[in-house]
**Q** 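Mind having a look at this structure? Questions to follow.
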2 protein chains.
Amino acid sequence: MTTRVKVGIRTVAAEAGVSTATVSQVYNNKGEVAEATRARVLAVGARLGYRPDRIGQALRSGRSRVIGVVVSYRDSAVWEQTYMPYYRSIIAGAAIEAVEHGYSISAAPSSPSGDLETQVPLDGVIVVDPVPHDAIVEQSLANGLAVVTDGGYETTDAAARLRSVRSDMAQSVPAMLDHLDAASGGGLRPALFIGPRHDSYTDDTIAAYRRWCSEHDVPEAISALAVGETPVDAAGRLLDGAGDRIDAVHCLNETYSSALLAAAAERGIRVPDELQVSVAGDARGVGVDPRISYLHLDPVHSGALCARTLIAMLEAREVHDVVESVTVVPAGVHVGGDVGAP
Amino acid sequence: MTTRVKVGIRTVAAEAGVSTATVSQVYNNKGEVAEATRARVLAVGARLGYRPDRIGQALRSGRSRVIGVVVSYRDSAVWEQTYMPYYRSIIAGAAIEAVEHGYSISAAPSSPSGDLETQVPLDGVIVVDPVPHDAIVEQSLANGLAVVTDGGYETTDAAARLRSVRSDMAQSVPAMLDHLDAASGGGLRPALFIGPRHDSYTDDTIAAYRRWCSEHDVPEAISALAVGETPVDAAGRLLDGAGDRIDAVHCLNETYSSALLAAAAERGIRVPDELQVSVAGDARGVGVDPRISYLHLDPVHSGALCARTLIAMLEAREVHDVVESVTVVPAGVHVGGDVGAP
DNA sequence: ATGAAAGCGCTAACAG
DNA sequence: CTGTTAGCGCTTTCAT
C-alpha cells in the first residue's frame with residue numbers, strides 16, 4: 001500500500017508550484033486561470049487523488065450540503081401502514097438522488113409548532129404532503145431554508161424560495177374514471193374513498209373527482225375515514241350506505257383499497273364484476289392486486305425529483321414547479337411482470 | 001422579530017465572561033470546569049439559544065457525522081421489486097435513528113471493485129447483506145471506516161471496527177417449519193425457495209432448513225432462481241418438479257412467495273389446503289396475504305438498529321453484534337388489523 | 001481552573 | 001494572471 005498522507009489543497013498547490021488560491025479557482029471554475037496552469041493543477045490533482053474536502057468547503061461557504069426530509073412522527077397503525085411506507089420511499093429516492101450531487105439527507109422530525117428538531121444545519125427541506133399554510137413550510141422559509149413540497153402548495157410570496165412537485169391528479173383521476181366508465185360499458189357511478197386529512201393530494205383528487213361527476217352528470221359520493229375509525233369499518237360504511245347507487249370506488253391509497261376489498265369480500269360483492277376498484281399507488285409493488293386498477297405513483301421517483309429540484313434551487317439554477325404525470329394501469333395488467341435476473 | 005445575530009461560541013464566551021475554550025469544555029463535558037462556571041455558561045448558552053455548529057466541530061475533529069448506507073445499483077426488475085424495497089426501508093430506518101443522534105445519512109453507491117463513490121466523507125457505513133469476503137466491507141475497513149453489516153459477517157480480524165446485525169434465522173426458520181408441521185398434522189415435507197445470491201441471510205436460512213430436515217428425517221428440496229429466470233417460472237419449475245413430494249414451501253422473500261402463489265393458482269393448487277406457504281417478510285404491510293405465514297421481518301427496525309450500533313461504535317461505546325429475534329405470524333392473523341386513527 | 005493561541009481545509013478579497 | 005492574507009466555528013495543547 002502506498003504511503004497514505006492526507007492530500008489537501010496545499011499538497012496539490014506545492015506539487016504544482018502554485019498557490020492554494022489558484023488550486024481553489026481551478027477546482028471551482030472561478031476567476032481567471034491560465035489554461036496551462038489549470039491543466040497542470042488538474043493533472044497533479046488527479047495524480048495525487050485530490051478531492052476537495054466538503055467539510056472545509058462547508059465551513060467556508062456556510063452551506064452544509066445536507067437536505068432534510070420532514071417527517072411528522074405519528075404513532076398509530078395507520079401511520080405505520082399508510083404514511084410510513086410513503087415516507088420511506090421518498091427518503092430513499094431523495095437519498096439516492098442527493099448522493100449524485102454530493103449531498104446527504106437527514107430525516108427531520110418536526111414539532112407541531114413547525115420548527116425542525118435537527119442537530120445538523122440544513123440547506124433546504126423537502127416537506128411531504130403539506131396542508132394549506134403549513135407551519136413547517138412557513139417556518140422553514142422564514143429561517144432562510146429553501147423548500148420543496150411534495151404536493152402542491154399555494155403561496156402569496158412570489159419571491160419565496162419554494163417549489164412544489166406534485167402528481168397530476170387533475171389529469172389522471174378523470175382518466176381513471178373514464179377508463180372504469182368504458183370498462184363498465186358507460187354510465188359509471190363512482191364513489192371516492194378518502195382519509196380525514198386535507199392535504200393537497202387529497203384536495204386535488206376531490207376536485208378532479210367532483211369535476212368528472214359534474215361533467216358526467218352523476219351524483220357525488222365521497223366517503224371519508226372518520227378519526228378513530230378503522231379503514232375496514234369506513235369501507236363497510238361506504239358500501240352499506242351507497243352500495244346500490246355506486247358501481248366503482250376510487251381509493252386514495254392502498255390501505256383504503258385493501259380495506260375496501262376486505263369489506264366487499266365480507267359482503268359477497270365481487271370485484272371487479274359487481275364493483276370496480278381503483279387506487280392511487282404503486283402498481284409495481286409485491287402487493288399489487290390484479291383485480292384493481294392503479295394510478296401508478298412512484299414515490300421513490302417523486303423523492304428523487306424533489307431532491308433534484310431542491311438541489312437546483314440551492315445551486316441557484318433556474319427551476320420551476322414540477323407536475324408529474326400519472327399513468328392509468330388497468331386491472332389485470334402487471335407492470336412488473338417481466339421480472340428478470342437479480 | 002428579535003435581532004438575529006449569529007450566536008457562536010465567541011458570543012457565549014463573551015457574554016459569560018469566559019474564554020471560548022471553557023465554553024467548548026462545558027459543551028463537551030471535557031476537562032475540569034468549576035461547577036459554578038459550567039452552570040453560568042450553560043445558562044447563557046440556553047438564553048442565547050446557542051447550538052454548537054456541527055460543521056466547525058466536524059472540521060476540527062475530522063468526523064463528519066455522516067454515515068453511509070451502501071447500495072449496489074442494479075437495473076433489473078428483481079432489484080426493483082425485491083432489493084429496492086428492502087433498501088429503502090433500511091435507509092429510512094437508519095435516517096430516522098441517525099437524526100436522533102445528530103447524524104445524517106448518505107446513500108453510498110459502490111463500484112464493483114468495492115470502493116464507495118461518495119463525495120461526502122463518511123464516518124462509517126452500513127452494508128446490507130454482505131457476501132463472504134465482501135469487497136465493500138474489506139475496503140471500508142481498510143479505509144478506516146467503521147462498518148456495520150446487516151446480515152452476519154465473518155472476519156478473522158478481531159480488532160476490526162466491524163459489527164453485524166442479523167435476524168435469527170437459525171431460530172426462526174425451524175420455528176416456522178414446526179408451526180407448519182403442526183398445522184398439517186405432522187409429517188411435513190417442506191421445500192425451500194431461494195434466489196441466486198449467496199449472502200449471509202440466504203446461507204443462514206439454508207443451514208437452518210437443512211438442519212430441520214435432517215432432524216426430522218425428511219429429504220431436502222431446495223429450489224433456486226436461476227440467473228435470467230423469472231420468479232414465476234422458477235416457482236413453476238419447483239412445483240412441477242417436486243409437486244407431489246412436498247406440501248409446503250418456505251420462500252426467502254415476498255417476491256418469491258407472490259410468484260409461488262401465482263404458479264400454484266395456475267396449476268389449481270389450493271393454498272394453504274394443499275400447499276402451505278411461508279415467507280420471510282413484513283407481516284404488517286398492505287400486501288400481506290392471509291393465506292401465508294410470515295416470519296415477521298421489519299427492515300425499518302433493522303435499519304435503525306444498524307444505525308444505532310454504528311453510532312455507538314463511532315462514539316467509542318462498548319457494543320456487540322446483534323441478533324434480532326424473528327417471530328412467526330401464522331396464516332390468517334393480521335398483525336396490523338387493529339388499525340386506528342391516522 | 002481558565003485562557004491564549006494554533007490551526008482543521010477551504011474560499012474570497014485584494015494586492016501585486 | 002497569480003499569490004498573500006484573513007478568516008469560517010470549533011477543539012485542543014500548553015501556559016498561567
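Naming: A, B, ... by sequence-line order, numbering from 1 per chain.
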**Q** If the helix axis at each end comes from five base pairs, how far does the helix from C:dA1-D:dT16 to C:dG16-D:dC1 deviate from straight, to 10°?
**A** 40°
**Q** Measuring from atom CG of A:Leu141 to atom CD1 of A:Ile136, what distance do you get when rounded to the nearest 0.5 angstrom?
**A** 12.0 Å
**Q** Looking at DNA chain D, which of residues 14-22 of chain A put a heavy atom within less than 4.0 Å of it?
**A** A:Gly17, A:Val18, A:Ser19, A:Ala21, A:Thr22
**Q** What's the verdict on side-chain contact (heavy atoms from CB on, under 4.5 Å) for A:Tyr103 and B:Val120, showing C-alpha distance, side-chain angles and the deciding distance?
**A** CA-CA 7 Å; A:Tyr103 284 74; B:Val120 272; over 6 Å; no
**Q** So where does chain B start and stop touching DNA chain D, 5' to 3', when the test is distance under 4.0 Å to a non-hydrogen atom?
**A** D:dC8 to D:dT12
**Q** How would you give the extent of chain A contacts on DNA chain C, as first and last nucleotide 5' to 3' within a 4.0 Å heavy-atom cut-off?
**A** C:dC8 to C:dA12
**Q** Taking any heavy-atom pair under 4.0 Å as a contact, classify B:Tyr27: base, sugar-phosphate, or nothing.
**A** nothing
**Q** Which pairs, with at least one residue in residues 308-319 of chain A and sequence neighbours excluded, count as a salt bridge (charged side-chain N to carboxylate O under 4.0 Å, His left out)?
**A** A:Arg65-A:Glu315, A:Glu97-A:Arg308, A:Glu315-A:Arg317
**Q** If you apply the rule side chain to side chain donor-acceptor pair (under 3.5 Å), what do you find for B:Thr20 with B:Arg10, and how did you get there?
**A** CA-CA 6 Å; B:Thr20 61; B:Arg10 280 187 272 266; over 6 Å; no
**Q** Measuring from B:Asp150:CG to B:Cys306:SG, what's the distance to the nearest 0.5 Å?
**A** 4.0 Å
**Q** Rounded to the nearest 0.5 Å, what's the gap from CD1 on A:Ile126 to CD1 on A:Ile67? Could you check?
**A** 4.5 Å
**Q** Under the ring pair (Phe, Tyr, Trp, His ring centres under 6.0 Å) test, which residues partner A:Tyr201, sequence neighbours left out?
**A** none
**Q** Taking only residues two or more places apart in sequence, or in another chain, which ones meet A:Asp123 in a side-chain hydrogen bond (donor to acceptor under 3.5 Å, both in side chains)?
**A** A:Arg63, A:Ser64
**Q** Please tell me which of B:Glu32 and A:Tyr50 maps to the more 5' nucleotide of DNA chain C, matching each residue to the nucleotide holding its nearest heavy atom.
**A** B:Glu32
**Q** Can you name the side-chain hydrogen bond (donor to acceptor under 3.5 Å, both in side chains) partners of B:Asp168, sequence neighbours left out?
**A** none
**Q** Distance check, rounded to the nearest 0.5 Å: A:Arg166 atom CZ versus A:Glu324 atom CD?
**A** 11.0 Å
**Q** What is the distance from atom CD1 of B:Ile311 to atom NE2 of B:His101, rounded to the nearest 0.5 Å?
**A** 4.5 Å
**Q** Taking only residues two or more places apart in sequence or in another chain, which ones pass ring pair (Phe, Tyr, Trp, His ring centres under 6.0 Å) with A:Tyr86?
**A** none
**Q** Test of understanding: with side-chain hydrogen bond (donor to acceptor under 3.5 Å, both in side chains), list the residues that count as partners of B:Thr118, not counting sequence neighbours.
**A** none
**Q** Measure the CZ-CD distance between B:Arg54 and A:Gln119 for me, rounded to the nearest 0.5 Å.
**A** 4.5 Å
**Q** Using a heavy-atom distance cut-off of less than 4.0 Å, which residues of residues 54-61 of chain A contact DNA chain D?
**A** A:Leu59, A:Arg60
**Q** Could I get the full list of side-chain hydrogen bond (donor to acceptor under 3.5 Å, both in side chains) partners for A:Gln25, not counting sequence neighbours?
**A** none
